[in-house]
Amino acid sequence: MTIENDIRLHIEDIAKETDWANINHYKEANSELGAPLDSEKRVVFIGDSITENWELIKPEFFSENKFINRGIGGQTSPQMLIRFRSDVIELKPSLIIILAGTNDIAGNTGPTTINMISNNIISMSELAISHGIKVAISSVLPVYNYNWSDVKEPNNKIVDLNKILSNYTIEKNLLYLDYYKYMVDNRPGLKKEFSDDEVHPNKAAYEIMSELALKAINTNL
């Protein structure tokens with residue numbers, strides 16, 4: 001390996017480490033996608049692993065409907081907010097579906113508050129609206145306990161966050177995709193039949209989420 005290659009690889013490693021929001025993750029895919037056709041009503045899903053895995057576990061939902069998936073595993077709402085222009089606005093969608101907040105509550109990028117999380121999601125919504133994009137905000141899915149985090153009572157924090165998001169959509173006359181009420185058990189946590197780790201949805205859960213999302217999209221586009 002030449003010195004030039006060593007330097008190039010070192011620079012690439014530094015770029016990956018400093019790209020906190022992973023803004024380059026979909027850079028090539030976004031460039032290849034281009035602008036929508038005049039008759040196209042483009043729909044973009046932005047989120048974390050729950051959104052990213054959706055296309056892996058139920059790929060036909062995206063391929064058959066030509067929906068665009070911009071989920072990145074592990075991400076929190078401030079990271080999504082940073083990449084929102086490149087991964088959403090610049091794609092010129094008619095509708096954006098936001099699913100964010102669970103990794104914030106788990107503490108993936110450090111301490112936060114429910115208001116900080118909701119403010120980030122609301123900021124994404126306001127950015128979309130200012131560019132003529134319709135907005136659907138998704139409820140955070142129920143979680144009783146994160147297996148990678150020692151955060152206390154995340155289930156109650158999720159209830160509080162969802163209440164803020166729901167009230168905001170009512171106030172602003174936006175779509176609210178309430179996956180939570182179909183998947184919560186009496187703890188409250190995610191029903192065991194909908195997940196292998198009580199955090200991430202399985203195919204049965206994605207079947208419900210797909211049905212709810214498709215109904216909302218068809219009604220509002």
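More than 12 heavy atoms of other residues, nucleotides or ligands sit less than 6.0 Å from atom NZ of K191. Heavy-atom contacts from other residues, nucleotides or ligands closer than 6.0 Å to CD of E40 number more than 12.
Of the inter-residue distances, the one linking R83 atom CZ with N30 atom CG reads 9.5 Å to the nearest 0.5 angstrom. The distance from the CD1 atom of I89 to the CE atom of M124 is 11.0 Å, given to the nearest 0.5 Å. In this structure, CZ on R70 lies 9.5 Å from CD1 on I46, to the nearest 0.5 angstrom. Atom-to-atom distance recorded for S49:OG and H200:NE2 is 3.0 Å, nearest 0.5 angstrom. Atom CD in E207 sits 10.5 Å away from atom CD1 in I57 (nearest 0.5 Å).
Put simply, the side chain of Q75 gets close to the backbone of A21: a donor and an acceptor are under 3.5 Å apart. A donor-acceptor pair is defined here as one N or O able to donate and one able to accept, closer than 3.5 Å; such a pair exists between the side chain of N69 and the backbone of T51. Between the side chain of T169 and the backbone N or O of S166, at least one donor-acceptor pair lies under 3.5 Å. Side chain of E64 to backbone of F61: no donor-acceptor contact under 3.5 angstrom is found. Of the possible donor and acceptor atoms, one in the side chain of S138 sits under 3.5 Å from a partner among the backbone N and O of I98. Checked by atom type and distance alone, the side chain of D19 pairs as donor or acceptor with a backbone atom of N24 at under 3.5 Å. Proximity of a side-chain donor or acceptor of H131 to a complementary backbone N or O of L127 within less than 3.5 Å is detected. Side chain of S195 to main chain of V199: a donor-acceptor pair is present (N/O by atom type, distance under 3.5 Å, no hydrogens or angles). At least one donor-acceptor pair closer than 3.5 Å links the side chain of N202 to the backbone N or O of E193. Not a single donor-acceptor pair under 3.5 Å links the side chain of S31 to the backbone N or O of K27.
In this structure, D185 and L190 have side chains that are not in contact, with every pair of non-hydrogen atoms separated by 4.5 Å or more.
Follow the hydrophobic side-chain contacts under 4.5 Å out from Y180 and you reach I117 in the same cluster. L175 and V135 are members of different hydrophobic clusters when ILVMFWY side chains are connected at heavy-atom separations under 4.5 Å. Under the 4.5 Å side-chain contact rule for hydrophobic residues, I137 and M209 do not share a cluster. The cluster map of Ile, Leu, Val, Met, Phe, Trp and Tyr, joined by side-chain heavy atoms under 4.5 Å apart, puts Y144 and Y179 in different clusters. Put simply, I82 and L91 are part of two different groups of oily side chains (I, L, V, M, F, W, Y) that touch within less than 4.5 Å, one to the next.
For E153, the salt bridge (Lys or Arg N to Asp or Glu O under 4.0 Å) criterion is met by no residue, not counting sequence neighbours. In this view, S123 and L81 satisfy the side chain to side chain contact (heavy atoms under 4.5 Å, CB included) rule, not counting sequence neighbours.
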Inset, instruction - Test Q79 against T76 for side-chain hydrogen bond (donor to acceptor under 3.5 Å, both in side chains), laying out the working first. - result: CA-CA 6 Å; Q79 292 173 304; T76 56; 3.3 Å; yes

Legend entry - Worked check of side-chain hydrogen bond (donor to acceptor under 3.5 Å, both in side chains) between Y26 and S86: CA-CA 9 Å; Y26 288 108; S86 58; over 6 Å; no

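With respect to K58 and E60, a salt bridge is recorded, a charged nitrogen being found less than 4.0 Å from a carboxylate O. Ion pair R187/E198 flagged as a salt bridge, since at least one NZ, NE, NH1 or NH2 atom sits closer than 4.0 Å to an Asp/Glu carboxylate oxygen.
Annotation: Y182 is not in aromatic contact with F194 [ring centroid separation under 6.0 Å not met].
Looking only at atom types and distance, the side chain of D104 has a donor-acceptor partner in the side chain of S77 under 3.5 Å away. A donor-acceptor contact closer than 3.5 angstrom links the side chains of W54 and S210. Of the N and O atoms on the side chains of N115 and T113, not one donor lies less than 3.5 Å from an acceptor on the other residue.
Of all heavy-atom pairs spanning I217 and L95, the tightest one is CG1-CD2, 3.7 Å. The minimum heavy-atom distance linking V140 with I158 is given by the pair O-CG2, 3.8 Å.
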